[in-house]
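All chains are named by letter (A, B, ...) in the order of the sequence lines, taking the proteins before the strands, and each is independently numbered beginning at 1.
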Amino acid sequence: MTLIVSELCVDHGAIRAVDHVSLRIEQGQLAAVIGANGAGKTTLLRALSGLTPARSGSATWKGHDLLHSKPEKLVRFGVSHVSEGKSVIPELSVEENLNLGALWRRNAKESEQTRNKIFETFPRLEERAGQLADTLSGGERQMLAIGRALMAKPELLLLDEPSLGLAPLVIAQIFQSIRDLTTQMGLTVVLVEQNALGALEIADVGIVLNLGRIAATDRAQSLIENPQVRAAYLGY
Amino acid sequence: MIGTNRRKLLVASAVLVTGALTLSAIPAQAFSVRNEVGVTSNSIKLGITLPMTGAASPGYNKIPGAMKAYFDYVNANGGVNGRKITLVVKDDAYTPTASVQATNELILQDKVFAMVGALGTANNKAVAALVNPGRRGIPDLFVNTGFSGFADKKAYPTTFSLFPSYIMEAKIMSMYIKENFPGKKLGLLYQADDFGRDALAGFKTGGVTFDVTVPYAPLSQATPTTPPTWITKLQAGGAEVVVLFGVSSATAAALGAAYAMKYHPQWILGSVGGDATAIKLAGVPAPLFTGVQTASFLPAPADTTDEYVKLFQTINTKYNPGATFDNNILAGMNTAFVTVQAIAAAGKNLTRKGLITAIETKGSTFASAGLTPMAPTATSHTGYDGYWFGTYDGTATLKPNGGVYTVYTTDSGAGAVAKSTYKRPAMPVNGLPTN
Amino acid sequence: MFTFIDTLLIGLTSGAVYSLMAIALVLVWRSTRVVNFAQAGQALLSTYIGYECMGRFHSFWIALALAMILGAGVSALIEMLFMRTLFKRNTGPIAGVAPIIATLGLLGIIRGGIGIFMGGKETIIRPPLSNVGFTISGHTFALSPFKLVILSAVLIMMILLSLIFTKTNIGLALRASAYAPEIARLAGVKVDAIRTLGWAIAGAAGAAAGMLQTPNGTGALSPDSLEFSLLLVFGFIAAVIGGLESLVGAVIGGLLLGLVLAIVLMYVNATLLFMTAFVLLIVVLLVRPQGIMGKKAGRRA
Amino acid sequence: MHKLIHSNIGRLLFFGALGCLLFLAGNRVDELRVYQGATLAMFVVAISSIILLTGYSGQVSLGHGALLAIGGYSAVLARNYWSLPIWLCFAVAVLATAAAGSVLGTAAARLSGPYLAGTTLALAVGLPSIANQFSFLGGEQGLLFDVGAPPASLGADFSPYKWYFWIASSAALIALWWLQNILRSRYGRTWRAVRGNEVAAELAGIHVGKAKTLAFTLSAGLAGLAGALLAMTIGTVSPSAFPLTLSFSLLTGAVLSGVTTLPGVMIGAVTLVATPEIANAISHRLGDSGAVTSNLPGLLVSALLILVVMLVPNGPVEQLRSIRTRRSVSTSR
């Protein structure tokens with residue numbers, strides 16, 4: 001139950017976006033991937049969920065080959081990906097967005113239980129269950145996106161920039177829920193974040209990407225304390 | 001940026017130059033005028049354009065097969081003066097653009113001796129204006145349209161009409177209605193284009209006024225909204241006799257919609273949309289034809305007592321297998337027959353000029369299946385000039401009213417309508433014209 | 001008075017036929033964001049299939065069912081063979097236009113193929129129920145048992161399909177795949193299969209349109225008959241008027257188009273058919289650029 | 001050398017030289033080819049019009065045939081009612097159609113993809129039927145368009161077809177030259193920006209609606225010219241000269257050319273002109289059955305359309321270019 005990535009390379013046209021990345025994330029860990037814009041964070045995540053084809057290397061989870069599976073298949077192996085930006089469908093209602101995440105499970109009862117649990121975590125979603133997702137605020141949309149991913153009962157959660165475009169207070173709230181979910185549900189989480197400090201504060205381990213390569217990996221706390229990382233990514 | 005622009009320009013020039021070179025690489029055809037174009041000592045090449053595909057094609061697309069069958073029959077019997085006739089057929093889908101293109105190909109590429117039976121008013125007009133067979137001296141024989149203008153030799157020096165004009169038809173129909181349905185409420189359903197408007201003019205000259213007139217836009221008969229509205233209008237106007245000047249698909253739609261609304265007036269169909277096989281092909285079952293009347297200038301296609309019909313049926317079975325004998329086949333064969341008659345009349349030394357002179361001088365004595373005479377002269381290229389009326393029975397078989405062909409004749413101008421006294425010349429032996 | 005009632009009936013019953021075609025177009029649009037011009041060709045092909053089935057089974061209803069099933073199959077096949085590749089390639093300036101153009105090409109191929117193999121043959125489908133209008137107190141109305149079947153088929157299809165779209169899991173998957181294919185995939189929806197399914201349903205609806213309209217008209221079926229492409233144009237106009245997004249809109253658009261056409265043909269000018277359709281479309285779009293039932297600021301295709 | 005080609009005067013010289021070459025070519029071939037050359041030039045103009053609209057401003061028109069009809073009819077009316085000299089008739093066609101295009105374009109700018117496609121489709125079906133409503137438009141038969149005999153100074157054997165070819169190719173060359181210039185101008189860049197991303201273009205201060213309307217207007221002007229040329233090459237205008245299939249085949253031509261590349265325009269035009277002939281040759285081989293002969297041209301064009309969209313979606317020219325770019329990128333690395 002370990003996520004093992006080795007020598008992963010992903011090309012974006014003529015540009016190598018992810019360059020020989022190897023990493024290992026243990027079960028139950030929350031790993032924060034940080035780095036500057038264009039460091040290859042999103043591409044790494046998209047490769048892991050089968051959205052972007054990899055050039056070479058390997059990535060396995062529970063013995064499944066992540067690189068050569070379609071995303072809709074990976075969901076069935078317990079890999080859920082919340083993509084960058086507003087990963088909800090504005091034309092659907094909040095409830096429909098949630099249900100979408102559990103369509104493949106075909107077990108209405110189980111799905112309902114999961115949904116109730118998600119409503120407990122994000123009560124705002126329950127209040128707005130019948131509304132179109134289009135009417136939600138940014139933070140609510142992010143909650144909905146994560147909620148939708150959770151509906152699939154994932155074991156590995158790939159989160160892409162959940163803090164994007166949100167107000168500081170809301171960010172703190174979202175980060176806290178991510179931490180809580182990880183602990184409560186025993187999830188393994190890969191969290192890609194521009195907001196490096198916030199991400200490292202809740203993470204167990206941290207990975208710093210630079211121009212597609214791994215610049216540093218360490219326990220999150222150590223990275224926060226690392227003067228070079230602080231200077232380059234944490235801004236103080 | 002400059003680089004891409006330059007490359008773009010270079011590519012553009014390369015492509016254009018290649019295009020130009022390709023064009024110029026095709027050698028200009030050498031000129032050799034020993035024989036008349038399209039004629040050799042043992043062959044004659046003719047061309048036709050007509051809709052073989054598209055909305056206007058059903059029915060008409062049987063014509064070339066019938067013409068070819070008759071030519072094959074003639075060829076099998078030694079041809080005309082030892083020359084065998086071939087017919088090159090080009091589809092124009094009933095659009096003038098395609099007619100012009102196809103006629104150009106026939107004349108410039110296939111190098112046909114003459115055009116014969118080209119179909120459609122707008123198409124023939126476009127061809128006459130642009131390809132201009134007249135200027136080139138190319139005979140444009142027996143065009144398949146009732147537009148009266150083509151008989152005008154000044155405007156169309158090499159074009160010959162075959163059909164009576166739509167104006168003649170409407171004038172004759174006026175007389176027929178006045179004689180047979182006096183005092184009845186009259187309705188007219190017509191295609192709102194020159195074809196229908198020619199008919200309107202004819203009815204005006206003929207002195208018939210309609211109580212209800214329903215025009216329809218060409219092609220609109222194919223939509224589910226249109227045909228029921230015709231019937232509702234005619235019904236609301238109380239029309240007891242309805243004249244229909246439209247294409248067969250419109251006739252079919254009208255008969256079907258009338259049946260659905262239990263409306264049973266006396267139908268009188270114009271000759272264009274009055275062909276039973278085309279209407280049946282468009283979905284009307286035979287019983288609906290009972291009592292429907294129509295006009296024609298050829299004998300009824302089911303009239304086996306007619307020597308032409310009998311011969312044409314035999315030829316059709318042998319040389320055009322699989323095609324049901326109907327009015328289109330009859331018309332196609334007759335056009336081919338008149339063509340052969342004309343070519344034979346032009347003599348052994350066949351030239352385009354000679355052919356035109358032969359039709360102008362001898363045309364009115366030509367043998368043909370037509371029950372009225374053809375009337376070409378040196379000044380006017382008029383074709384047949386009359387009609388008879390018949391009634392369909394429950395098996396969609398057309399029979400002349402009263403069992404005999406009563407032919408009315410008139411002209412496209414203000415001339416009166418009269419009963420014809422024309423006696424058709426006997427058919428040449430075996431249906432092979434020799435003079 | 002009778003004339004006016006008949007005008008309305010003509011409008012509604014012919015509008016129902018446009019609605020059928022519009023439903024098929026809306027289904028494809030809703031599930032894949034493509035305007036499927038091949039729909040007319042598919043309907044033609046399905047109706048020919050239905051005609052062959054009638055020859056074999058001597059029952060219109062069995063033929064209708066088979067035509068719908070096989071029509072769905074053909075449609076699914078088209079999606080898998082052609083459209084799937086085009087959807088995948090969503091870059092380049094032509095990406096938005098390519099599917100439309102491909103469907104135009106398919107339309108040409110289907111019509112040409114049918115022309116070569118079925119051209120010139122006499123193919124007539126007779127209605128299974130009387131198409132003669134009901135007679136009440138001496139007047140025969142422009143509404144027949146068979147036309148009632150068409151009207152109810154339209155309503156049933158609209159209600160049934162709307163329910164499928166809004167109330168079922170498959171409907172949810174269909175909508176999600178159309179709006180946001182990537183998110184749908186990440187949520188575990190097999191988007192490719194769902195899209196094929198959307199096309200299949202549309203193929204069945206188009207087949208129903210062809211099978212019902214042919215005997216409703218003169219009954220004749222020919223590759224050259226403009227019926228189906230005219231139906232496509234009018235069906236498309238109906239769908240656009242209705243807003244493309246909504247099945248209810250498609251039906252409203254079709255009925256409205258039929259009614260306006262019938263009224264204009266009857267009371268204004270009998271030759272104005274095509275212009276009327278155009279003017280109606282322009283008027284509706286000027287007032288509501290997204291169509292009657294369309295949502296404002298819809299996603300770009 | 002390339003500086004010369006890049007400059008405006010250079011381009012003018014280039015197109016002039018091209019013109020001379022074309023006219024020389026026109027003297028070398030037989031009448032049918034010359035006639036086809038004129039048709040080819042007409043298609044070049046019509047397809048460029050679509051390329052300008054679809055390829056450079058991202059709007060889809062399924063009804064270009066209707067714009068051609070406006071051009072054709074206005075040229076013919078100018079000739080028949082005002083007896084204008086022929087070149088002025090073409091100018092009238094361009095202006096009248098551009099005016100109609102600006103009205104349409106204003107409406108079109110409000111509509112997104114499928115709604116615009118629907119409107120233009122309805123226009124293509126609806127507009128030609130107007131001719132039936134007014135007698136001065138000649139009804140279904142249409143009106144004759146007499147371009148007039150070639151000037152006597154060209155000699156007595158100078159055939160009318162060659163004259164049409166000269167007029168049509170000059171018009172096509174001028175249109176292409178003008179189009180090249182405008183696409184390189186500020187407007188060209190604006191349209192590319194709009195096509196790329198409307199929102200981004202709007203943020204960059206581009207008035208998207210105005211840019212689209214302008215593209216529609218100019219495209220309509222070109223279509224009007226093509227319509228007048230079409231009227232000339234068939235000698236007449238009538239509703240049936242502008243069927244829905246014309247609109248579709250123009251779109252086909254544009255796709256075969258590659259909707260984003262002007263240089264490819266010849267490919268589309270040549271294909272449209274040559275297909276019937278190729279189809280004829282094939283069906284002749286297959287034994288000239290009526291059904292095959294009649295349906296093959298449509299089938300061939302459609303098959304070609306699918307193949308291009310599936311295999312070389314951006315057109316042969318663009319495809320070649322991108323292969324070359326890719327190669328140069330990979331060698332530079």
Side-chain angles (χ1 to χ4, degrees), chain B residues 2-29 52-53 57 61 64-65 89 91 93-102 104-105 107-109 121-123 125-127 129-132 147 191-195 197 217-218, chain D residues 2-3 5-6 11 14 18 21-22 24-33 35-37 39-40 129 132 139-142 144-146 160-161 176 180 184 230 233-236 238-241 243 245-246 261-267 270 276-277 280 290 293-295 297-298 317 320-321:
Chain B
I2 288 173
T4 32
N5 279 341
R6 185 174 55 109
R7 208 176 299 133
K8 256 188 199 171
L9 206 60
L10 283 177
V11 173
S13 56
V15 171
L16 274 172
V17 169
T18 321
L21 288 179
T22 324
L23 270 175
S24 63
I26 301 154
Q29 238 86 27
M52 296 298 287
T53 59
S57 63
N61 53 16
V89 184
D91 178 25
Y94 209 55
T95 60
T97 331
S99 308
V100 168
Q101 176 71 31
N104 262 323
E105 282 171 18
I107 292 176
L108 300 172
Q109 196 173 48
T121 306
N123 305 38
K125 274 189 140 182
V127 166
L130 197 87
V131 186
N132 205 338
F147 172 59
Q191 184 158 311
D193 61 5
D194 308 273
F195 158 43
R197 276 193 274 268
Chain D
H2 81 250
K3 244 184 203 158
I5 291 180
H6 184 56
R11 220 177 287 137
F14 166 78
L18 212 61
L21 200 64
L22 272 178
L24 283 178
N27 287 334
R28 292 258 308 129
V29 301
D30 67 29
E31 249 191 305
L32 180 67
R33 300 289 169 206
Y35 175 74
Q36 287 177 332
T39 314
L40 197 72
S129 72
N132 260 320
E140 191 63 29
Q141 264 177 41
L144 295 182
F145 187 34
D146 184 10
Y161 286 170
L176 280 182
Q180 285 280 340
R184 292 216 192 318
L230 177 67
T233 52
I234 56 169
T236 168
S238 65
S240 55
T245 45
L246 174 68
T261 49
L262 202 49
V265 68
M266 277 299 283
I267 299 173
V270 168
E277 230 175 286
N280 263 340
T293 312
S294 320
N295 289 297
V317 174
L320 258 170
R321 191 181 299 164

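- Between the CG atom in B:Asn104 and the CZ atom in D:Arg33 there is a gap of 12.0 Å [rounded to 0.5 Å].
- Contacts of D:Thr39 with chain B are made by side-chain atoms alone, with heavy-atom separations under 4.5 Å and no backbone atom involved.
- Heavy-atom distances place no part of D:Phe145 under 4.5 Å from chain B, backbone and side chain included.
- Atom CD of residue B:Gln109 and atom OH of residue D:Tyr35 lie 13.0 Å apart, to the nearest 0.5 angstrom.
- Considering every non-hydrogen atom in both B:Val100 and D:Thr233, the closest pair reads CG1-O, 3.9 Å.
- Residues B:Lys125 and D:Thr236 fail the side-chain proximity criterion, which asks for heavy atoms closer than 4.5 Å.
- At a 4.5 Å heavy-atom cutoff, the contact between B:Tyr94 and chain D is made by backbone atoms alone.
- Contact of D:Leu246 with chain B is not made at all, since no heavy-atom distance falls under 4.5 Å.
- For a residue to count as touching a neighbouring chain, one of its non-hydrogen atoms must lie under 4.5 Å from one of that chain's; by this rule B:Glu105 touches chain D with backbone and side chain alike.
- Contacts between B:Ala192 and chain D at a heavy-atom distance below 4.5 Å involve the backbone alone (N, CA, C, O).
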